[in-house]
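Have a look at the structure below, then the notes.
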Amino acid sequence: MDSANLFKAASRVIPGGVNSPVRAFRGVGGEPFFVASAEGARITDVDGRSYLDFVGSWGPLILGHAARPVVEAVTAAVSRGTSYGAPTPGEVDLAEMITAAYPSMEMVRLVSSGTEATMSAIRVARGATGRDVLLKFDGCYHGHADSLLVKAGSGGATFGIPDSAGVPEGLARLTVTASFNDIAGVGAIFEARGREIAAVIVEPVAGNMGVVPPAPGFLESLRQLCTRHGAVLIFDEVITGFRVAFGGAQAMYGVRPDLTCLGKIIGGGLPVGAYGGRRDLMSRVAPLGAVYQAGTLSGNPLAVAAGLATLRALREGDVYRRLDTRGAELERGLIAAAGKAGIPFTVNRVGSMLTGFFTDAFVTDYATAKRSDTARYARFFHAMLARGVFLAPSQFEAAFVSLAHRDADIAAAAEAAAQSMAAAR
Ligand code: HOZ
């Protein structure tokens with residue numbers, strides 16, 4: 001069956017025809033292609049078309065598709081069984097590797113998704129502080145747990161449903177929001193409600209309103225405010241963990257959170273998440289303490305094998321310098337293409353994650369991200385797709401460069417952008 005017919009069939013039995021809304025192309029119009037296979041930097045659909053992939057499964061595939069060490073590790077693991085519901089040596093290896101790379105994570109618990117990680121970290125923060133209020137930032141997305149679907153980015157931003165239906169009002173009221181990079185605003189909220197705030201959760205580099213780096217001093221100020229008011233600082237590094245640096249954004253910016261959430265890369269493309277942090281906080285998690293959190297497939301041996309293989313590959317040589325160089329080349333190509341076409345355009349990039357916004361203003365928060373011309377993005381997206389380059393089907397997401405992208409791939413993407421900008425006019 002071709003993509004069109006698969007989508008028709010899927011739409012009859014799966015809401016929107018997809019198992020996660022951002023895949024549905026509704027942010028750019030049209031219908032999604034269905035994937036047959038992928039290898040390296042390329043993804044091939046069931047219609048036989050091949051694309052240079054800058055979605056990378058939304059972040060996990062930093063080694064590229066079907067990377068040999070991951071395939072070998074998973075193949076070996078699967079022949080030993082797929083799940084035991086009992087501990088395995090690999091879980092200890094992965095936990096040790098994570099805690100070594102993230103000194104703020106003195107203990108870590110593996111879960112099955114980023115959503116589970118953030119949801120659980122918030123529960124720990126509430127359990128430890130005895131407070132209920134959560135502070136998050138407009139346009140940041142931390143998965144789809146109830147407390148977090150308030151002014152949410154990613155699909156929330158793409159589909160104009162930042163405040164999801166089905167979240168009890170009483171719960172939504174416990175989430176207060178501030179503008180990303182607005183430390184004065186956060187300070188004012190703490191002045192007014194400091195004693196109620198259990199935690200501040202933030203993507204240290206926002207990736208779900210498009211990429212937005214933290215302003216100088218922003219993360220440091222959050223650290224100070226949380227310490228002063230006895231709130232727990234949670235870094236959601238589900239995207240940035242092992243992406244912007246081996247030690248994540250906290251290593252890059254030198255700010256130590258109390259709790260950290262990881263996902264994506266630590267599972268090497270298999271479903272995984274993790275949360276961890278200060279020993280005193282993590283000691284509250286059952287069976288040590290009274291904060292309950294559990295999971296049948298937590299620490300799944302296949303995901304752990306894929307994650308370990310990925311992290312081991314990332315420890316080798318100068319991978320982050322290479323990722324940064326290729327990210328910078330892609331950025332230059334996009335800017336040159338827009339400049340030549342005379343289109344207002346700005347790129348935010350941190351290492352190998354970047355977003356090109358169709359606006360000439362700086363994008364520093366969700367309000368400025370929303371000034372981007374999304375109709376123009378949609379035209380650009382489709383023009384790129386027609387030239388064999390797959391970008392995120394939404395303005396409010398990141399493009400990811402992997403180690404499988406060669407110089408020639410970046411040059412090809414830049415050339416496609418040069419041709420596609422005319423369509424975006
Ligand atoms: N964090 C990803 C989007 N920015 C998740 C992908 C999804 O929602 O499917």
Side-chain angles (χ1 to χ4, degrees), residues 10 14-28 32-35 38 43 53-62 111-119 121 136-146 148-149 151-162 164 180 201-213 234-244 248-249 260-275 348 350 352-357 363 366 369-370 372 374 377 381 390-402:
I14 303 173
V18 289
N19 281 314
S20 194
V22 291
R23 298 177 194 172
F25 275 36
R26 292 204 175 183
V28 289
F33 58 81
F34 278 62
V35 178
I43 193 164
D53 181 17
F54 290 97
V55 177
S57 188
W58 305 87
L61 300 181
I62 195 164
V111 292
S112 295
S113 69
T115 292
E116 262 189 84
T118 55
M119 178 183 86
K136 77 173 281 288
F137 293 91
D138 299 351
C140 278
Y141 175 76
H142 308 284
H144 61 90
D146 282 352
L148 293 162
L149 288 178
K151 298 209 175 148
S154 190
T158 303
F159 306 121
I161 43 170
S164 173
F180 192 75
I201 186 166
V202 65
E203 299 176 73
V205 175
N208 286 292
M209 51 179 118
V211 173
V212 182
I234 305 172
F235 275 9
D236 176 349
E237 296 226 43
V238 169
I239 291 179
T240 54
F242 295 97
R243 163 64 63 183
V244 296
T260 297
C261 302
L262 297 171
K264 300 200 190 269
I265 287 174
I266 63 161
L270 273 79
V272 93
Y275 68 101
N348 280 349
V350 179
S352 59
M353 54 189 281
L354 69 156
T355 299
F357 296 92
V363 174
Y366 187 39
K370 276 199 300 190
S372 185
T374 52
Y377 181 84
F381 167 87
F390 182 39
L391 299 171
S394 164
Q395 171 68 90
F396 304 110
E397 301 285 356
F400 296 104
V401 176
S402 78

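Computed from a predicted model, the values in this text were never measured in an experiment. As the structure lists them, so they are numbered: ligands from 1, and atoms in each ligand from 1.
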Taken in chain and number order and not counting sequence neighbours, the residues that satisfy side chain to side chain contact (heavy atoms under 4.5 Å, CB included) with S372 are F357, F358, T359, Q395
Tell me, please, which residues at least two apart from A24 pass side chain to side chain contact (heavy atoms under 4.5 Å, CB included).
-> V18, R26
Go through the side-chain N and O atoms of T355 and E397 and say whether any donor and acceptor fall under 3.5 Å apart.
-> no
Any residue meeting side chain to side chain donor-acceptor pair (under 3.5 Å) with N348, in chain and number order, not counting sequence neighbours | none
Are any of the side-chain heavy atoms of L391 and Y377 separated by less than 4.5 Å?
-> yes
Under 6.0 Å between ring centres, would you say that holds for F390 and F33?
-> yes
Under a 4.0 Å heavy-atom cut-off, what residues line ligand 1?
-> S20, V22, W58, S154, N208, K264, E397
